[in-house]
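Positions are given from 1 along the sequence. When reading the values below, keep in mind they use all heavy atoms of this one structure, side chains included, and skip hydrogens, waters and symmetry mates.
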Amino acid sequence: MKSIGIITDRVGYLTKFLECNIKEVLGDDIEINSYFLDHLNEGDLIEDKVVLVMIRERAYEIKKYVSVKSKIIVVNRTFQEKDIYKVFSIPEGTDVLVVNDNEQTTYETVSLFYEIGVNHLNLIAYIDGEDYSNINIALTPGVSERIPRYIRETIDLGNRYIDISTFIQIISVLDIDTIDIGKRLIKYSEKIISLDGGIRDKYKELFLKIEELDAILNISRDGIVFTNEKGIIKVFNESFKNILDLKGDLQEFSVEDIFKEDLEKIIKEEEVLDEVFQFKDKYINVKKTSIYNLGIKKGSYYNIQEITYIKQLEQNLTRQIKAKGQIARYYFHHIKTSCPSMIQCINLSKKISKSDLTVLIIGESGTGKELLAQSMHNESERSKQPFVAVNCAAMPENLLESELFGYEKGAFTGALKDGKKGLFEVANNGTIFLDEIGDMPLLLQTKLLRVLQERQIMPVGSEKIININVRVIAATNKNILKMIKEGKFREDLYYRLNVLPVSVPPLRERREDIITLLNHFIGRDIEIEEKAKQSLLSHRWPGNIRELQNVASYISLMCEEKVRASDLPLTIEKEERNYNYEEDILRNKCDFYKSLDILKVINNFNDRNETLGRERIISIFNQRNMKLSEGEAKKILVILKELELITSSVGRKGSEITDKGKEFIAFY
């Protein structure tokens, strides 16, 4: 049983009065426990779901006795309407003494009088020991024994009643908002002066304005029906009749007679959640919920939608989202990496985020350029403004122009009659992301250059200039400098875009991230056989992160606990012995053929169960009349170790070739 605790200073009539007051509204199903502040001892704990105190200071004092502080409610109290009229009959301007059980509650009572509209009297708060012999009338809420004997007339208003606002708090915390309690609260509110008349009026509306329900139901495009426990229709709307092509008044009809064979399954089920049925020549979506009160089934609620209407809503929503622009969903913490070059890229991007200058992100397709752009937007001062992404390669020239800059009504055949905002205008005060900028036609490059210079746009078919405040982040996977030489990209636009350049490393240069990202995309850690791991690490990943996501989807479908080399997609298997990545690194960072020779020397010594260090390797090269400096030897050995072609130890042990290193030699 749900319980309420009442805490008062001491044993007295007030506690019994409040118990009766509570039961008048909440009924006898609530357990009420009384506690007295002067009886509580250190370590006592009150476990009631709601704890009532009479003044705020007591709420602070009793916190140590209550298990959950949010249970404490300070009671707002007021007077009965019939008693307060005595106060309003006192002549205006009269001095009136207000007396309660202590100084604090006396001041509280004075405030209450003013709050309920007693503004015509000069109210004086009683303080022990003061002389009030010049005052003839005293007001008190049930403590007339404290009024000085020399006061000629006393108006005792009796104990103050709990205000409706406090009852609403109690009902909410106890979660007992039943119809019966609601009715009793309405009736109770009629006899008291409510501190918030609006609350009482709202309760009246809920119970007295039933006719408004019909108007609300008939606004809905959904078909709505309420039946009693026997399936007899009690409430319905016009949409229900229209969707099912029904005529006349359906009240008191059985829903079973209406649904008949077509929707027989709905009648038998207690609950139906978004199931599609064919009714005559229509497809409808149906929800059914059983309605219970105090554990007893009172009826059923049906909601019916036409599928065609749902499709219309879907189309409208799509149009609205497109008109309002996109939202940046990703943040820097979504980028999973332990690669130093990628970490450096992220740190640079975070610094760039704080600026409003134009950014050019350069990286291969699938490296996550848009994810980086969204993260920059969300880290910037514009994060609460629109983020609009445009793929410059995905639209033909004429359409891209109208999408970017908008158009006036009648600008061209097929244009919307009221014209359309361009994406630059939609992104105003936010960020526009121009992906694949290298594929933008030369004519539009000229217009974009003006936008970047002047921060102004001119819609197609208009002579009106629109000022915009937008940050531009562009991205490309093309070699723009090469395109400039070929006359395919404007040099001046490149320098306008390349204010803050960011280069995103390809996945083949982030080998330490491959397995981590794979597990992330699969959604769990999965054991990967060594041979399969080597295949994944040696693959060049031309599609970068996007390709890795596809491989993760494939593995997730094909494997449950362990990934073997045979489980990998054919594209990975075919390139299992492809060492293009290692070759690229060695050719770009050192002498490839010297590296291969060093690897062969180490392998020959390892075959004789010998290891050798850097000095021995230099000596062997000198004997063969091949130049190899100590710095060059050191650099090559470091790179061979990073590529996992050798292992090396400090001291005499020297370098040893790995299985991968042996395969590398055999491959070349």
Side-chain angles (χ1 to χ4, degrees), residues 330-350 361-369 371-372 375 502-556 559 562-565 567-569 571-572 575-590 595 599 635-649 655-661 663-664:
Y330 295 106
Y331 294 78
F332 283 114
H333 68 259
H334 288 120
I335 303 173
K336 311 294 181 186
T337 186
S338 58
C339 170
S341 61
M342 192 62 199
I343 292 170
Q344 187 179 4
C345 173
I346 291 168
N347 290 337
L348 174 63
S349 300
K350 285 181 178 178
I361 304 174
I362 302 165
E364 294 178 11
S365 180
T367 50
K369 297 188 290 296
L371 188 149
L372 200 63
S375 301
V502 178
S503 180
V504 186
L507 186 57
R508 63 179 172 275
E509 294 179 13
R510 297 171 55 189
R511 296 181 65 206
E512 52 268 81
D513 291 341
I514 291 172
I515 303 303
T516 303
L517 287 170
L518 185 70
N519 285 322
H520 172 71
F521 293 137
I522 291 172
R524 66 185 193 279
D525 287 338
I526 189 167
E527 185 182 351
I528 303 174
E529 185 186 72
E530 186 60 31
K531 193 174 180 183
K533 187 179 289 186
Q534 288 303 322
S535 295
L536 290 165
L537 293 176
S538 62
H539 183 57
R540 287 187 58 76
W541 299 105
N544 291 292
I545 307 294
R546 196 175 292 124
E547 183 185 359
L548 184 61
Q549 283 180 302
N550 294 340
V551 171
S553 300
Y554 181 90
I555 290 173
S556 183
C559 309
K562 188 173 184 178
V563 182
R564 297 174 177 82
D567 296 324
L568 298 176
T571 52
I572 304 294
E575 292 191 14
E576 183 182 344
R577 290 179 57 83
N578 186 322
Y579 293 99
N580 292 342
Y581 169 72
E582 287 79 3
E583 183 180 343
D584 283 349
I585 295 295
L586 290 170
R587 287 187 185 279
N588 290 328
K589 294 189 176 182
C590 57
S595 303
L599 205 55
K635 181 179 181 182
I636 290 172
L637 289 171
V638 168
I639 295 170
L640 291 175
K641 184 180 178 182
E642 287 176 353
L643 295 173
E644 297 179 359
L645 299 174
I646 64 168
T647 60
S648 59
S649 304
S655 300
E656 292 184 32
I657 195 163
T658 63
D659 290 339
K660 181 182 175 183
E663 289 176 6
F664 185 79

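- By the side chain to side chain donor-acceptor pair (under 3.5 Å) test, N347 pairs with no residue at all, sequence neighbours left out.
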Tell me which donor-acceptor pairs under 3.5 Å the side chains of residues 637-645 have, and how far apart each pair is, sequence neighbours excluded?
none

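- With sequence neighbours excluded, the residues that form a salt bridge (Lys or Arg N to Asp or Glu O under 4.0 Å) with K562 are E527.
- Counting heavy atoms from C-beta on, the side chains of V563 and L518 never come closer than 4.5 Å.
- Residues that satisfy the ring-ring contact (aromatic ring centres under 6.0 Å, His included) test with H334, not counting sequence neighbours, are Y330.
- Taking CD of E509 as the start and CG of L507 as the end, the distance is 10.0 Å to the nearest 0.5 Å.
- Partners of K336 according to the side chain to side chain donor-acceptor pair (under 3.5 Å) rule, which considers only residues two or more places apart in sequence or in another chain, do not exist here.
- For K660, the salt bridge (Lys or Arg N to Asp or Glu O under 4.0 Å) criterion is met by E582, not counting sequence neighbours.
- Under the rule for a salt bridge (Lys or Arg N to Asp or Glu O under 4.0 Å), R564 has no partner lying at least two apart in sequence or in another chain.
- Remark: side-chain polar atoms of N588 are paired, donor with acceptor, to backbone N or O of D584 under 3.5 angstrom.
- When all heavy atoms of P505 and R510 are compared, the pair lying nearest together is O-CD, 3.9 Å.
- When every heavy atom of V502 is checked against every heavy atom of S349, the shortest pair comes out as CG1-OG, 3.8 Å.
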Result block: side-chain N/O donor-acceptor pairs under 3.5 angstrom for residues 361-369, not counting sequence neighbours:
residue: E364; atom: OE1; partner: R508; partner atom: NH1; Å: 3.2
residue: E364; atom: OE1; partner: N544; partner atom: ND2; Å: 3.2
residue: E364; atom: OE2; partner: R508; partner atom: NH1; Å: 3.4
residue: E364; atom: OE2; partner: R508; partner atom: NH2; Å: 2.5
residue: S365; atom: OG; partner: R546; partner atom: NH1; Å: 3.2
residue: T367; atom: OG1; partner: E364; partner atom: O; Å: 2.7
residue: K369; atom: NZ; partner: G363; partner atom: O; Å: 3.2
residue: K369; atom: NZ; partner: E364; partner atom: O; Å: 3.0

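- For the side chain to side chain donor-acceptor pair (under 3.5 Å) test, residues two or more places apart in sequence or in another chain that qualify with T337 are D513.
- Considering CG of L517 and CG of L536, their distance stands at 12.0 Å, rounded to 0.5 Å.
- Between E512 and P340 there is a side-chain heavy-atom pair separated by less than 4.5 Å.
- Among L586, I646, I657, the single residue meeting the side chain to side chain contact (heavy atoms under 4.5 Å, CB included) criterion with F664 is L586.
- Taking the side chain as every heavy atom from C-beta outward, F521 and I545 approach each other to under 4.5 Å.
- The two residues A532 and I528 make their nearest non-hydrogen contact at CB-CG2, 3.9 Å.
- Residues C559 and D567 share a closest heavy-atom pair of SG-CB, 3.4 Å.
- Among residues two or more places apart in sequence or in another chain, the side chain to side chain contact (heavy atoms under 4.5 Å, CB included) test is passed with T516 by none.
- Residue C345 comes nearest to S503 through the heavy atom pair SG-O, 3.7 Å, listed as atom of the first residue, atom of the second, then distance.
- Taking F332 as the reference, nothing meets the ring-ring contact (aromatic ring centres under 6.0 Å, His included) condition, with sequence neighbours excluded.
- Here R511 contributes atom CZ and S538 contributes atom OG; the two are 7.5 Å apart, rounded to the nearest 0.5 Å.
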May I have the list of side-chain donor-acceptor pairs in residues 547-556 shorter than 3.5 Å, sequence neighbours left out?
residue: E547; atom: OE1; partner: G543; partner atom: N; Å: 2.8
residue: E547; atom: OE2; partner: H539; partner atom: NE2; Å: 2.8
residue: S553; atom: OG; partner: Q549; partner atom: O; Å: 3.1

